[in-house]
Amino acid sequence: MKPMPRTLTGNAAYSAWERFVKGDNDVGDVRPEVAMSWQRSRDHFRVDPFLSEAPVAVEEVDHHPLENDVVFAELGFRTASLVHEVTKFGGIAIIADADGRVLAQWGDKATLAIAADANLAPWFNWSERAVGTNGIGTALGTRNPLIIKREEHWCEAFHDWTCAGVAVRDVVTKTPIASLNISCWRNEMPAAASGWLANAAAHTQSRLRVYARDGGSELVGAFNHARGRSAQPVVAVDASGKVVIANDTASVLLGVPNNVPAVDPALRWNPKLPAFISAVQYASKRAAHDPDWVGTSQIFTHLTDEPSPIRIRPVFRQGNLVGHVVTFGVSEGAQLPTPDAKLVSSDPAHRVVGVRENRMVLLRLPEVMLAESDGNDVWLSTDQGRMRAASPGLDKLDNELSDAGFLRVHRQYVVNLSRVREIERRDKGELVLVMDDSENTMVPVSRRNAHAVRAALGV
């Protein structure tokens, strides 16, 4: 079947795709989220751009929370209500799991037949790892609905498709649970499609908030039980590391309010201690597969230069992990890996997107020295000069790079730890980082972040 003639915009996107496939990092005016997805497809997942069909999904038997079943049931209901509208423009609606495995699809019969030729069908794998940039897999890595238009797909065989997708995420851990997708072949995607997807995802996640609040109540009960049995500082945290409730001493150590329960996941507190959060998240992965697991580690807090031992005990509700009770001053359980180890390691496949003269520049992480906020803009200091970051807001960039060797050292600065040359202590004890560029750029460290910086740099 002959491909559709390309529009002027399509020709520009296809030209950028051709260059990028051949190894050129010049992506022209391609959107940042597409440019980053292309980079992952080419350099990290090494997907063949001339792949013509998706591979069969490998079924992995793994524990998943009861809430996941609620998500798929709710999405099925929401999708059924969209099928009539989707069929009007020859589209199809698809539900996939967090691994990009298609579970079900409905819609125009002719389009379903065409989709089957590319294995866009149940039990085939449409993750980015399998087929590169596409509406199902790429949506799983984004927070908002997105549209992948024709030539923006990584595989040339899918350039006749336009796909809109949205991820449904766990309201506590923010990890994806499912992807809802609307696809059409050689047709324009209606402007309303993103709104349909956002509405379906919002209704589904509202159900998840109910389960999360029930989990928060379970954590408060476990906290009260632990507090009655120990004079040590005690805190209850959810699976992501956010504080649900802490007693007087623990609240001071973590810098959060004391004895105020935050059952609603939207109201929980972030302790701003990377090592503490890292330890809890590691514990969540272990406990999800081993309910009897109990762990111990050492972390730095806001009040002392010496590490404090902690015990992490998982809390379950109806067989599903909802969080942990953490007790300070107790060394009991399996030893966790050094929590700060991941702060000094970086994945070379990761990139940061900068903007220079209306062009997107894909920067390798070692090229980026630091990011600095300036109002709503973020500026990158790089080996290729100073340029604006494509990601809006320093918080977003901090979240993207927190596990890749970067650390928030000040409300205005995120630094690449591998680019720190010296640490200077001022008269009043303030820390200043001296970076390894030719100007010896100096970056202030806030008092709140000083312990995390010392721990991450091993000083």
Side-chain angles (χ1 to χ4, degrees), residues 240-243 253-256 269-281 298-308 338-347 350-352 354 363-383 386-389 391-459:
S240 72
K242 288 189 175 180
V243 174
L253 293 173
L254 296 173
V256 300
W269 297 283
N270 189 339
K272 298 296 184 183
L273 294 178
F276 180 84
I277 295 171
S278 175
V280 169
Q281 291 177 351
Q298 292 196 348
I299 66 161
F300 289 89
T301 67
H302 291 295
L303 296 184
T304 176
D305 289 335
E306 296 298 322
S308 171
T338 303
D340 294 305
K342 73 175 188 176
L343 290 173
V344 295
S345 65
S346 65
D347 183 346
H350 286 185
R351 298 287 185 104
V352 176
L363 298 160
R364 294 179 177 84
L365 295 191
E367 295 181 279
V368 181
M369 184 176 64
L370 62 89
E372 177 184 359
S373 66
D374 181 14
N376 292 327
D377 291 329
V378 175
W379 291 90
L380 304 172
S381 295
T382 80
D383 293 340
R386 184 174 166 87
M387 64 184 74
R388 185 167 56 84
S391 296
L394 194 61
D395 288 342
K396 184 174 186 298
L397 194 66
D398 181 27
N399 289 334
E400 292 172 350
L401 298 178
S402 62
D403 62 347
F406 286 69
L407 184 66
R408 184 75 167 262
V409 301
H410 188 277
R411 63 184 178 84
Q412 284 186 273
Y413 296 96
V414 170
V415 303
N416 184 342
L417 294 172
S418 67
R419 300 294 299 270
V420 176
R421 175 180 293 163
E422 299 176 7
I423 302 176
E424 181 178 307
R425 183 186 293 273
R426 297 289 171 85
D427 293 340
K428 296 183 179 181
E430 303 99 326
L431 296 182
V432 175
L433 303 180
V434 182
M435 309 306 291
D436 69 354
D437 59 325
S438 59
E439 288 80 22
N440 291 332
T441 299
M442 307 184 81
V443 179
V445 176
S446 66
R447 289 185 181 275
R448 186 173 67 178
N449 293 315
H451 291 308
V453 170
R454 291 194 191 98
L457 294 174
V459 298

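Values reported hereafter were calculated over all heavy atoms of this structure, with side chains retained and with hydrogens, waters and symmetry mates removed.
- Taking NE2 from His451 and CD1 from Ile299, the interatomic distance works out to 11.0 Å, rounded to the nearest 0.5 Å.
- Atom-to-atom distance recorded for Ser446:OG and Arg411:CZ is 9.5 Å, nearest 0.5 angstrom.
- Atoms CG and CH2, from Leu254 and Trp269 in turn, are 11.5 Å apart once rounded to the nearest 0.5 Å.
- With contacts defined as side-chain heavy-atom distances shorter than 4.5 Å, the pair Arg386/Trp379 qualifies.
- When atom types are taken as modelled, the side chain of Gln281 and the backbone of Ser240 share a donor-acceptor pair closer than 3.5 angstrom.
- Among the candidates Leu433, Val443, Val434, the single residue satisfying the side-chain contact (heavy atoms from CB on, under 4.5 Å) test with Val420 is Leu433.
- Here CE of Met442 is found 11.5 Å from CE of Met435. Values are rounded to the nearest 0.5 Å.
- By the 4.0 Å N-to-carboxylate-O rule, Arg419 lies close enough to Asp383 to be salt-bridged with it.
- Atom CG of Leu401 is separated from atom NZ of Lys396 by 10.0 Å, given to the nearest 0.5 angstrom.
- Side-chain atoms of Thr441 and Ser381, non-hydrogen and from C-beta on, never get closer than 4.5 Å to each other.
- Side-chain contact between Leu380 and Glu372 is absent, with no heavy-atom pair separated by less than 4.5 Å.
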(message) As a quick check of understanding, evaluate side-chain contact (heavy atoms from CB on, under 4.5 Å) for Val445 and Val432, giving each step before the final call.
(response) CA-CA 6 Å; Val445 176; Val432 175; over 6 Å; no
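- Note: Phe406 CZ to Asn416 CG = 3.5 Å, rounded to the nearest 0.5 Å.
- Side-chain contact between Met387 and Thr382 is present, with at least one heavy-atom pair separated by less than 4.5 Å.
- What you find for Gly393 and Val378 is that their closest heavy atoms are C-CG2, 3.4 Å.
- The closest side-chain heavy-atom distance from Val414 to Leu394 is below 4.5 Å.
- Looking only at distances, no side-chain donor or acceptor of Asn270 sits under 3.5 Å from a matching main-chain atom of Lys242.
- The shortest side-chain heavy-atom distance between Leu431 and Arg454 falls under the 4.5 Å cut-off.
- Under the 3.5 Å distance criterion, the side-chain polar atoms of Arg447 are left unmatched by any main-chain donor or acceptor of Ala450.
- If you run side chain to side chain donor-acceptor pair (under 3.5 Å) between Arg421 and each of Asp436, Asp437, Asn440, only Asn440 comes through.
- Arg425 CZ: 12 or fewer foreign heavy atoms inside a 6.0 Å radius.
- Residues Pro271 and Phe276 share a closest heavy-atom pair of CG-CD2, 3.8 Å.
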